[in-house]
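Each remark here refers to the structure printed beneath this line.
So that the names make sense, note that chain A is the first sequence line, chain B the second, and so on, each numbered from 1.
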Amino acid sequence: MADVRTVRGTHDLVGEDMQRHRHVTGTALEIAERYGFGEISTPIFEFTEIFARSLGDTSDVVSKEMYTFEDRGGDSLTLRPENTAGVARAVISGGLLQSPPLKLFYSGPMFRYERPQKGRMRQFHQIGVEVIGSPDAKADIEVIALGWQILEALGVNDGITVEINSLGDPESRNAYREKLVGYFSGYKAKLSADSQTRLTRNPLRILDSKDEGDREIVAGAPPLGESMNDASRDFFARVQDGLGALDIAFTHNRNLVRGLDYYTHTAFEFTTDRLGAQSAVLAGGRYDGLMKQIGGPDTPGVGWASGIERLALLLQGAPERPRPVAIVPIGPAAEAEAEKLAFELRRAGHIIELAYKGKPGQRMKKADRANARLAITIGDDELARGVVKLRDLDKGEEREVMRAGLPAAI
RNA sequence: GCGGGCGUAGCUCAGGUGGUUAGAGCGCCAGGUUGUGGCCCUGGAGGUCGCGCGUUCAAGUCGCGUCGCUCGCCCCA
């Protein structure tokens with residue numbers, strides 16, 4: 001075999017894979033539109049600074065997973081590892097926030113330099129939504145409901161758990177961070193190497209460490225709730241009540257955190273145990289500090305992203321394609337008539353299969369393999385009489401109809 | 001970056017302890033059926049056995065290396 005392959009961690013999407021992919025994006029967009037979301041598409045690369053500033057230098061994504069390169073003009077550019085920063089940038093640079101809230105849906109490729117494994121690629125695709133400009137808990141509820149409904153419409157919400165948590169507002173969060181650092185410092189020597197690093201960089205992340213030893217220490221850590229001020233507590237209560245009123249089942253996972261500074265209040269994750277080591281199918285939260293951090297106005301936001309490949313892995317089978325009608329000409333005169341008929345029926349909205357060549361038997365076979373529901377056969381006899389034969393390929397029954405009445409007859 | 005598993009036809013896989021022209025099923029193409037699919041029969045195309053080096057009279061098979069894929073760790077969608 002010739003030595004031509006895709007770059008490690010990338011895949012071609014074709015056939016059933018492509019159908020599943022499109023089914024996910026199509027379904028998601030349709031439902032997002034029901035919620036009043038408009039679609040946005042931002043460039044797949046941005047100035048590196050956009051991601052570095054929004055994600056923070058210490059995050060794994062920025063420190064080791066970005067595809068960064070210098071273009072011919074000397075600018076440092078980066079293939080987007082996620083899309084919230086790009087959308088936020090678009091909102092600022094395009095002055096889109098005239099009448100908040102702005103509700104945006106996107107889908108497209110993202111790039112992270114990681115070791116590929118099940119449900120994880122170097123080029124992967126996400127769908128996502130952002131509500132920008134509303135500090136209201138109703139936005140959090142709506143966004144979670146939208147995610148839930150998309151998974152329901154895709155038929156994959158069986159076996160999915162919705163976990164939510166709150167980090168509180170910046171005041172609560174900072175108070176809690178100090179408490180945590182105080183607590184974990186007492187166990188510093190016993191923490192895993194990773195968590196010792198986190199202690200200075202990102203203490204909240206110690207809470208969801210998977211290390212056994214860490215977990216024992218985490219179990220005794222002071223709960224976040226104690227550090228929350230009334231406003232934060234109230235906000236979280238409204239989110240939970242709102243989800244409860246919609247009968248969306250969720251669990252409160254106190255160790256679910258987002259490490260970055262701009263995250264506030266709600267954090268949530270839709271998880272499954274059907275994706276090997278990857279459990280997150282859809283995840284997001286409120287990011288009230290983000291817009292300001294990348295140089296825009298101090299504007300709140302909430303959103304999520306979901307991996308299309310992961311959703312596609314959960315899909316049972318491939319979505320069915322609409323069945324075509326095949327035209328089978330018999331003889332040279334019918335050949336020309338078939339092309340005219342195909343054009344006419346396609347313009348009338350029908351899906352038409354017309355093979356370029358082959359004997360009638362071969363064409364019938366092709367019609368069958370194309371999963372055609374009907375075959376229209378035309379020979380010299382039919383041509384002379386102004387009729388065509390309609391063959392039902394499921395039942396094997398054949399009948400004659402007038403050529404002139406065709407678009408309506410099929 | 002670290003660890004496990006696996007690389008033989010388009011796909012799924014056979015190929016005891018090395019042995020001569022490398023096989024099957026599915027799929028594909030054609031014929032049987034010069035105006036009718038599915039089922040059946042017959043034939044055909046398609047392989048540098050991932051790549052390299054080594055051991056040997058002889059390597060798909062053994063050894064070493066390398067590349068790739070895959071699963072897991074970290075982290076994440």
Side-chain angles (χ1 to χ4, degrees), chain A residues 1-11 14-15 24 55 58-65 80-84 107-128 147 192-195 197-198 202 205 208-211 258-260 268-272 275-284 303-314 326-334 353 355 358-383 389-398:
Chain A
M1 197 195 304
D3 189 17
V4 283
R5 32 178 143 78
T6 60
V7 171
R8 183 177 179 78
T10 68
H11 291 285
V14 66
V24 169
L55 298 170
T58 62
S59 67
D60 272 37
V61 170
V62 171
S63 59
K64 61 182 195 191
E65 295 176 0
R80 62 186 187 193
E82 52 89 35
N83 204 28
T84 299
S107 67
M110 309 294 160
F111 307 83
R112 290 182 200 172
Y113 191 86
E114 300 183 274
R115 284 291 289 270
Q117 52 183 275
K118 187 173 187 178
R120 168 185 297 175
M121 270 73 65
R122 287 185 173 178
Q123 174 174 341
F124 60 107
H125 299 78
Q126 287 185 331
I127 53 174
S192 65
D194 282 334
S195 286
T197 311
R198 292 181 183 124
N202 212 336
R205 290 222 61 98
D208 65 2
S209 170
K210 285 167 191 161
D211 182 89
R258 314 259 108 177
L260 308 176
F268 55 90
E269 238 170 59
F270 291 35
T271 60
T272 177
L275 288 177
Q278 275 61 242
S279 60
V281 170
L282 183 154
W304 53 252
S306 179
I308 296 175
E309 284 84 356
R310 291 186 182 178
L311 291 173
L313 283 171
L314 297 176
I327 299 178
V328 177
I330 301 159
E353 277 289 323
K359 297 185 297 189
Q362 294 170 310
R363 296 200 198 219
M364 288 299 290
K365 196 174 214 164
K366 278 182 183 163
D368 195 53
R369 275 193 309 247
N371 194 30
R373 60 189 170 88
L374 217 54
I376 299 173
T377 56
I378 321 169
D380 290 341
D381 175 50
E382 289 81 4
L383 223 42
K389 288 213 167 84
L390 279 190
R391 183 178 182 83
D392 184 315
L393 291 174
D394 293 329
K395 296 178 186 158
E397 294 166 358
E398 203 162 88

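Between B/rC29 and A/Arg369, a contact under 4.0 Å exists linking OP1 or OP2 to a side-chain N or O. The shortest distance between the side-chain N/O atoms of A/Arg8 and the OP1/OP2 oxygens of B/rC69 is below 4.0 Å. Taking 4.0 angstrom as the limit, A/Lys359 places none of its side-chain polar atoms (N or O) nearer than this to OP1 or OP2 of B/rA30.
Looking at A/Arg122 and A/Arg8, their side chains come closer than 4.5 Å, going by heavy atoms from C-beta outward.
Separating the C1' atom of B/rU61 from that of B/rG19 is a span of 11 Å, rounded to the nearest Å. With both ends at atom P, the span from B/rU20 to B/rG15 equals 16 Å, rounded to whole Å. Between B/rG46 and B/rA22, the two P atoms lie 14 Å apart (nearest whole Å).
In terms of position on RNA chain B, the residue among A/Ile378 and A/Thr6 whose nearest nucleotide sits closer to the 5' end is A/Ile378. Both A/Gln117 and A/Met364 lie close to RNA chain B; mapped to their nearest nucleotides by heavy-atom distance, the more 5′-ward contact belongs to A/Met364.
For A/Gln362, taking side-chain heavy atoms from C-beta onward, the closest of the listed nucleotides B/rG31, B/rA77, B/rG3 is B/rG31. Among B/rG37, B/rA77, B/rG72, the nucleotide with an atom closest to any side-chain atom of A/Arg310 is B/rA77.
At the heavy-atom level, A/Gly331 lies nowhere under 4.0 Å from the strands shown. Note on A/Lys366: nothing from the nucleic acid sits closer than 4.0 angstrom, heavy atoms only.
Nearest heavy-atom pair, A/Ala280 versus A/Arg310, reported as atom, atom and distance to 0.1 Å: O-NH1, 2.9 Å.
On a pure distance criterion of 3.5 Å, a polar donor-acceptor pair joins the side chain of A/Arg112 and the base of B/rA77. A donor N or O paired with an acceptor N or O is found under 3.5 Å between the base of B/rG35 and the side-chain atoms of A/Glu382.
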Side-chain donor/acceptor pairs under 3.5 Å, residues 374-382 of chain A, sequence neighbours excluded:
residue, atom, partner, partner atom, Å
A/Asp381, OD1, A/Arg385, NE, 3.4
A/Asp381, OD2, A/Arg385, NH2, 3.3
A/Glu382, OE1, A/Gly379, N, 2.9
A/Glu382, OE2, A/Lys389, NZ, 2.8

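For A/Ser192, the side chain to side chain donor-acceptor pair (under 3.5 Å) partners two or more places apart in sequence, or in a different chain, are A/Ser195, A/Asp214.
Of all nucleotides present, only B/rC71 satisfies the Watson-Crick or G-U wobble test against B/rG3, with each distance under 3.5 Å. When Watson-Crick and G-U wobble pairs are counted only if both distances are under 3.5 Å, B/rG25 pairs with B/rC11.
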